[in-house]
Student: 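Below is one structure. I have some questions about it.
None of these values were measured; they are calculated from a predicted model. In the text below, chain A, chain B and the rest are named by the order of the sequence lines, each starting its count at 1.
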Number of protein chains: 2
Amino acid sequence: MITKKSKYAIKALIYLAKQEKMKPVLIEEISTEERIPKKFLEAILLDLRKAGILGSKKGKGGGYFLLKPADEINMAEVMRIFDGAIALVPCVAHRYYEPCEECIDEITCPIREVFRVIREQTVATLKDNTFAVLLEKEKKLRRYRK
Amino acid sequence: MITKKSKYAIKALIYLAKQEKMKPVLIEEISTEERIPKKFLEAILLDLRKAGILGSKKGKGGGYFLLKPADEINMAEVMRIFDGAIALVPCVAHRYYEPCEECIDEITCPIREVFRVIREQTVATLKDNTFAVLLEKEKKLRRYRK
DNA sequence: TGTATAATCTATTATTATAGTAGGGTAATA
DNA sequence: TATTACCCTACTATAATAATAGATTATACA
């Protein structure tokens with residue numbers, strides 16, 4: 001399961017992607033609109049800034065804003081920031097590789113291949129979903145609802 | 001990430017699938033051969049028995065054995081026993097459905113669809129991998145190694 | 001230049017899940 | 001009928017998650 005941090009981060013980024021470009025948005029506003037605990041959101045936005053996804057401005061008229069266009073940010077990179085590896089076992093992770101500690105022989109491990117395939121499928125799907133795509137999906141869903 | 005319980009369960013089942021059919025294997029033997037803490041393994045095998053995957057026999061000559069042929073047991077059902085839902089968010093889980101507690105509106109949630117696709121891909125891959133398939137894979141990997 | 005504003009940093013805490021361990025009880029079989 | 005091996009209950013250590021509290025720093029603007 002994905003963590004709340006990842007989910008909150010995705011929600012906050014969708015909210016920011018809807019804004020006028022580069023216009024800073026208050027933590028307070030995102031917190032209220034998306035119902036995310038303010039202090040918790042603070043830490044999340046800070047991580048997104050450190051990862052180079054968001055920019056920030058202090059003082060009056062300050063806030064957070066996207067540093068890149070919405071079609072250049074995808075769900076895979078966001079989830080990796082907060083949840084680490086996307087793979088279900090560390091031995092097939094791409095950026096967070098580690099041998100499975102209980103593994104006797106990685107080379108002949110038959111389940112490794114299975115989890116490698118799953119990781120590739122999952123990463124591909126997450127990468128396809130940029131925040132531009134997510135905005136489009138939300139628009140469509142809202143139309144169908146009416 | 002998958003839990004150790006799931007990994008140990010898969011390893012134990014592979015070990016049992018290699019045995020002469022219906023011949024009970026001691027917990028002690030599986031524990032030693034697969035390097036799984038014995039007491040921990042006991043609980044795992046018990047869960048597999050309660051799930052109808054394994055049978056057991058007490059007393060001398062007893063032990064655990066597969067109740068079904070290896071091609072009728074797959075990784076998805078095993079992982080569900082120990083890790084619960086395979087989905088990355090509860091709102092797209094098949095057998096363990098729950099609304100996401102922080103979700104404002106499930107109908108217009110754009111990430112739900114993404115995680116639904118990922119769940120379907122993952123489950124399909126896990127289901128393809130029956131324990132008969134895993135045994136075949138292991139054989140192949142051993143051949144290539146030499 | 002001062003002050004309100006808003007992000008940033010440092011610490012602490014509650015809760016839950018994981019990964020075991022300990023020790024005895026119970027049932028089947030030679 | 002003693003042995004063998006499964007079965008059950010309870011406990012514990014560690015780590016991760018999901019927060020909260022309070023002090024600090026940077027910035028705009030009057």
Side-chain angles (χ1 to χ4, degrees), chain A residues 1-12 16 23-32 34-51 53-65 67 79 81-85 88-90 96 98 100-103, chain B residues 1-12 16 23-32 34-51 53-65 67 79 81-85 88-90 96 98 100-103:
Chain A
M1 290 271 172
I2 194 182
T3 59
K4 285 202 176 184
K5 270 197 175 179
S6 271
K7 278 198 234 174
Y8 287 154
I10 292 167
K11 285 181 176 227
L16 287 171
K23 197 194 162 193
V25 180
L26 298 184
I27 294 178
E28 182 71 43
E29 180 182 336
I30 305 172
S31 163
T32 307
E34 298 296 330
R35 297 186 205 170
I36 305 170
K38 195 189 164 191
K39 276 290 186 180
F40 199 37
L41 180 60
E42 271 184 39
I44 292 165
L45 295 177
L46 210 52
D47 285 342
L48 288 170
R49 195 196 57 121
K50 282 174 187 163
I53 293 172
L54 293 183
S56 68
K57 230 183 123 184
K58 286 185 182 179
K60 189 155 196 179
Y64 280 99
F65 49 90
L67 274 184
M79 284 175 59
I81 294 168
F82 298 100
D83 294 1
L88 294 174
V89 286
Y96 298 89
E98 267 183 75
C100 293
E101 50 176 309
E102 73 290 340
C103 188
Chain B
M1 289 272 174
I2 194 181
T3 59
K4 286 203 175 184
K5 271 198 176 179
S6 271
K7 279 198 230 174
Y8 287 154
I10 292 167
K11 284 180 177 227
L16 288 171
K23 197 194 161 194
V25 180
L26 298 185
I27 294 179
E28 183 71 44
E29 180 182 336
I30 304 172
S31 163
T32 307
E34 297 296 331
R35 297 187 205 168
I36 304 169
K38 195 189 163 191
K39 278 289 186 181
F40 200 37
L41 180 60
E42 269 185 41
I44 292 165
L45 296 176
L46 209 53
D47 285 343
L48 288 170
R49 197 195 57 118
K50 282 175 188 162
I53 292 172
L54 294 183
S56 67
K57 224 183 128 183
K58 287 184 181 179
K60 193 156 195 179
Y64 279 101
F65 50 90
L67 273 185
M79 285 174 58
I81 293 168
F82 298 100
D83 293 3
L88 294 175
V89 287
Y96 299 88
E98 268 182 75
C100 293
E101 51 175 307
E102 72 290 340
C103 188

Student: Quick check: do B/Glu102 and A/Arg35 have side-chain heavy atoms less than 4.5 Å from each other?
Tutor: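 They are not in side-chain contact.
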
Student: Work out which heavy atom in A/Leu26 is nearest to a heavy atom in A/Gly62; give both atom names and the distance.
Tutor: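 The pair with the smallest heavy-atom distance is CD2-O, 3.5 Å.
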
Student: Restricting to non-hydrogen atoms, name the atom on A/Lys7 and the atom on B/Pro90 that form the minimum distance, rounded to 0.1 Å.
Tutor: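 Heavy atoms only, the tightest pair is NZ-CD, 4.2 Å.
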
Student: With a 4.0 Å cut-off on heavy atoms, is B/Ile27 in touch with a base, just the backbone sugar-phosphate, or nothing at all?
Tutor: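 Touches sugar-phosphate only.
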
Student: May I have the distance from B/Leu45 (atom CG) to C/dG20 (atom P), rounded to whole angstrom?
Tutor: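 B/Leu45 atom CG is separated from C/dG20 atom P by 15 Å.
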
Student: Between A/Lys4 and B/Leu26, which has a closest nucleotide on DNA chain D that is more 5'?
Tutor: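 This one resolves to B/Leu26.
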
Student: In whole Å, I'd like the distance from the CD1 atom of B/Ile36 to the C1' atom of C/dT18.
Tutor: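 Distance, rounded to whole Å: 16 Å.
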
Student: Evaluate B/Lys4 against B/Phe82 for side chain to side chain contact (heavy atoms under 4.5 Å, CB included), listing each step before the verdict.
Tutor: CA-CA 9 Å; B/Lys4 286 203 175 184; B/Phe82 298 100; over 6 Å; no

Student: In whole angstrom, give the distance that lies between atom NZ of B/Lys7 and atom P of C/dG20.
Tutor: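 Atom-to-atom, B/Lys7 to C/dG20, this comes out as 11 Å.
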
Student: So which heavy atom on B/Phe65 is nearest to which on B/Lys57, and how close?
Tutor: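 Of all heavy-atom pairs spanning B/Phe65 and B/Lys57, the closest is CE2-N, 4.1 Å.
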
Student: Take the protein atom NZ of B/Lys38 and the nucleotide atom C1' of C/dG23, then report the distance between them rounded to whole Å.
Tutor: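 Between C1' of C/dG23 and NZ of B/Lys38: 13 Å.
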
Student: So which protein N/O to nucleotides 27-30 of chain C N/O distances come out below 3.5 Å?
Tutor:
| residue | atom | partner | partner atom | Å |
| --- | --- | --- | --- | --- |
| C/dA27 | O4' | B/Lys58 | NZ | 3.0 |

Student: Which nucleotide of DNA chain D is the first, and which the last, in the 5' to 3' direction, to come under 4.0 Å of a heavy atom belonging to chain A?
Tutor: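 Counting from the 5' end, contacts occupy D/dT17 to D/dA28.
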
Student: For A/Leu88 and C/dT18, give me the distance from atom CG to atom P, rounded to whole Å.
Tutor: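 After rounding, the reported distance stands at 14 Å.
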
Student: Can you find a side chain N or O atom of B/Tyr8 that sits less than 4.0 Å from OP1 or OP2 on C/dG20?
Tutor: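 For C/dG20, OP1 or OP2 has a side-chain N or O of B/Tyr8 closer than 4.0 Å.
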
Student: Locate the shortest heavy-atom distance separating B/Gly55 from B/Leu67; write the atom from each residue and the value.
Tutor: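 Smallest heavy-atom distance, with atoms named: N-CG, 3.5 Å.
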
Student: Going by side chain to side chain contact (heavy atoms under 4.5 Å, CB included), A/Lys50 matches just one of A/Leu48, A/Leu54, A/Ile53, A/Leu46. Which one?
Tutor: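 The side chain to side chain contact (heavy atoms under 4.5 Å, CB included) with A/Lys50 is passed solely by A/Leu46 among A/Leu48, A/Leu54, A/Ile53, A/Leu46.
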
Student: Please determine which of B/Ile27, B/Ile36, B/Asp47 meets the side chain to side chain contact (heavy atoms under 4.5 Å, CB included) test together with B/Glu42.
Tutor: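 For B/Glu42, the side chain to side chain contact (heavy atoms under 4.5 Å, CB included) test succeeds with only one of B/Ile27, B/Ile36, B/Asp47, which is B/Ile27.
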
Student: Set out, line by line, the N/O atom pairs under 3.5 Å between protein and nucleotides 9-15 of chain C.
Tutor:
none

Student: Can you give me the closest heavy-atom contact between A/Tyr96 and A/Ala85, atom names plus distance?
Tutor: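 Minimum heavy-atom separation between A/Tyr96 and A/Ala85: CD1-N, 3.5 Å.
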
Student: Begin with the C-alpha distance, continue with both residues' side-chain angles, and end with the deciding distance and a verdict on side chain to side chain contact (heavy atoms under 4.5 Å, CB included) for B/Leu45 and B/Arg49.
Tutor: CA-CA 6 Å; B/Leu45 296 176; B/Arg49 197 195 57 118; over 6 Å; no

Student: Can you measure B/Asp83 atom CG to C/dT18 atom P for me and round it to whole angstrom units?
Tutor: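 It works out to 7 Å between those atoms.
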
Student: To the nearest angstrom, how far is A/Glu28 atom CD from C/dA7 atom P?
Tutor: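 Answer to the nearest Å: 9 Å.
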
Student: So which atom in B/Ser31 and which in B/Leu41 form the shortest heavy-atom distance, rounded to 0.1 Å?
Tutor: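 Residues B/Ser31 and B/Leu41, closest heavy atoms: N-CD2, 3.5 Å.
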
